[in-house]
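The figures that follow rest on heavy atoms only: side chains count, while hydrogens, waters and symmetry mates do not.
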There are 2 protein chains.
Amino acid sequence: MATRTRRTERREEPLSRERIVEAAIELLDTVGERGLTFRALAERLTTGPGAIYWHVTGKDELLGAATDAVVAGTMPAGPADTTPQEAIRVLALGVFDAIETHPWIGNQLARSPGKSPMLRVFEHLGRQVQALGAPPAFQFTAASALLNYIVGVGGQNAADARAHQARTPDTGRTEFLDNAAAAWADLDPVEYAFTRGVAGQLREHDDRTEFLAGIDLILTGIAHRQPG
Amino acid sequence: MATRTRRTERREEPLSRERIVEAAIELLDTVGERGLTFRALAERLTTGPGAIYWHVTGKDELLGAATDAVVAGTMPAGPADTTPQEAIRVLALGVFDAIETHPWIGNQLARSPGKSPMLRVFEHLGRQVQALGAPPAFQFTAASALLNYIVGVGGQNAADARAHQARTPDTGRTEFLDNAAAAWADLDPVEYAFTRGVAGQLREHDDRTEFLAGIDLILTGIAHRQPG
DNA sequence: ACCTGAACACCGTTCAAGT
DNA sequence: ACCTGAACACCGTTCAAGT
């Protein structure tokens with residue numbers, strides 16, 4: 001009786017793709033991309049490195065699955081009850097925020113083939129572009145532009161986070177921006193005239209607001225596109 | 001006399017940062033990112049791995065320098081003698097084409113910190129945005145949006161090239177697109193309704209044209225932006 | 001000042017052997 | 001069917017020793 005009802009100990013739950021991906025995400029979040037190692041992962045799952053290969057074909061698939069799991073979580077379940085524009089903003093911000101909490105997604109999104117994670121975002125963007133009333137032949141272009149912009153910002157944010165972490169780990173966000181702005185202001189006056197000029201705006205700017213402004217720019221472009 | 005004028009043999013030119021970066025680019029172009037190894041690089045330069053570290057701090061810097069060298073080569077030397085819109089298109093296409101010939105740049109751009117290569121593109125984009133007559137407070141946003149879009153497409157193209165290379169090396173471009181379109185058409189009809197619908201356009205689409213259409217979309221957005 | 005190359009401390013992945 | 005963990009074939013990076 002007793003043996004029949006006892007719970008198996010947490011550490012001895014059978015290995016599964018889900019548990020592996022879950023542990024990989026944890027590792028990525030806590031120790032970064034470099035910390036995700038088959039040996040570290042195996043230790044966390046109290047097993048050997050080889051065992052993981054029974055459930056996952058290799059590191060690339062593991063990274064892809066981890067990214068997909070996180071991105072899937074940010075996608076809305078049902079249809080939006082707002083304007084398409086607002087739905088697109090919410091969608092974009094969802095990805096943006098996911099990258100902020102899991103910076104490693106930023107790289108992974110950019111390098112994942114046209115497969116799962118990107119496709120999810122593309123699909124949801126496309127639906128809203130459709131709801132926007134864009135002509136069919138233009139929907140592909142519009143959804144792609146939005147997706148590429150989002151992925152581009154994501155990659156950049158991830159790179160910034162990495163640089164921030166690697167070079168000035170214990171410095172605050174504002175201090176980090178101050179340093180970057182100071183570096184811009186120090187650039188060659190003729191070769192980097194424009195960049196120097198906007199250095200001040202870099203200091204003041206808010207990543208999130210700036211990201212949304214870019215989204216709105218594209219939305220405006222979609223609304224005013226020249227028929228062709 | 002003879003000894004004085006003889007050329008030193010190519011293989012025995014002294015090591016230099018430039019030669020190292022040049023060899024790294026060659027390696028990246030021919031054997032890909034995975035082929036760039038300090039051992040392979042050392043062999044090509046007929047020296048030991050350790051020697052490289054005298055001129056370069058590590059692999060990250062080397063990749064950054066290689067990317068910067070290529071990107072710098074695509075930037076225009078003087079002011080453009082066309083409309084700002086056209087100059088932006090040329091600029092964007094320059095980066096696009098550079099990524100097509102050197103796919104590894106795609107990743108590298110996305111992961112290079114706000115440093116050199118990105119800054120070059122940002123500067124040139126900014127100047128044209130300025131020439132476009134965008135209000136100062138908006139120039140930063142506009143240039144950033146263009147840059148992020150370009151980098152996003154670049155990363156995606158690089159990922160595609162990698163996937164194409166890894167999975168179907170000896171298949172043509174059109175066949176590759178056909179396969180992707182077929183995969184899209186096979187997606188779940190309710191979960192991926194939009195993506196299935198545009199699968200046909202994926203087959204017909206031209207990356208370059210599509211890329212430019214996205215640029216034009218953002219340019220339209222810049223032209224029609226709501227004052228605020 | 002610059003180069004050499006063995007050595008260190010890791011990796012991802014495989015695979016015979018176990019259960 | 002699934003797990004184990006030693007072993008293989010690599011990496012990037014360091015560093016004493018050379019010139």
Go through the structure and list residues passing ring-ring contact (aromatic ring centres under 6.0 Å, His included) with B:Y192, not counting sequence neighbours.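 Scan of B:Y192 (ring-ring contact (aromatic ring centres under 6.0 Å, His included), adjacent residues dropped) gives none.
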Excluding sequence neighbours, so at least two apart, what forms side chain to side chain donor-acceptor pair (under 3.5 Å) with B:D178?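 With sequence neighbours excluded, B:D178 shows a side chain to side chain donor-acceptor pair (under 3.5 Å) to B:R203, given in chain and number order.
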Protein-proximity profile, nucleotides 8-19 of chain D, B/S/- by nucleotide at the 4.0 Å heavy-atom cutoff, equals ---BBBBB----
Length of the line joining A:H55:NE2 and D:dA1:C1', which is rounded to integer Å: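 From A:H55 NE2 to D:dA1 C1': 10 Å.
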Using whole Å, report how far CG of A:L15 lies from P of D:dC2.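 A:L15 atom CG is separated from D:dC2 atom P by 11 Å.
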Tell me, please, which residues at least two apart from A:E33 pass salt bridge (charged side-chain N to carboxylate O under 4.0 Å, His left out).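 Salt bridge (charged side-chain N to carboxylate O under 4.0 Å, His left out) list for A:E33, sorted by chain: A:R162.
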Test of understanding: with salt bridge (charged side-chain N to carboxylate O under 4.0 Å, His left out), list the residues that count as partners of B:R196, not counting sequence neighbours.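 Scan of B:R196 (salt bridge (charged side-chain N to carboxylate O under 4.0 Å, His left out), adjacent residues dropped) gives none.
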Reading DNA chain C 5' to 3', how would its secondary structure be written in dot-bracket notation, given Watson-Crick and G-U pairs with both distances under 3.5 Å, brackets [ ] for crossing pairs and | for partners on other strands? ||.|||||...|||||.||
ring-ring contact (aromatic ring centres under 6.0 Å, His included): which pairs involve residues 26-65 of chain A, sequence neighbours left out?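 For residues 26-65 of chain A: A:F38-A:Y53.
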For B:Q139, give me all partners under side chain to side chain contact (heavy atoms under 4.5 Å, CB included), at least two apart in sequence or on another chain.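 Per chain and number, B:Q139 pairs via side chain to side chain contact (heavy atoms under 4.5 Å, CB included) with A:F194, B:V129, B:Q130, B:A134, B:P136.
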Does B:W54 put a side-chain nitrogen or oxygen below 4.0 Å from OP1 or OP2 of C:dC3?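 Result: no.
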Checking salt bridge (Lys or Arg N to Asp or Glu O under 4.0 Å) for the pair A:R44/A:E26: CA distance, chi angles, key distance, verdict? CA-CA 10 Å; A:R44 217 181 176 91; A:E26 253 180 67; 2.8 Å; yes
side-chain hydrogen bond (donor to acceptor under 3.5 Å, both in side chains) contacts touching residues 57-74 of chain B (sequence neighbours left out):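 The answer is B:R17-B:E61, B:T57-B:E61, B:D68-B:R120.
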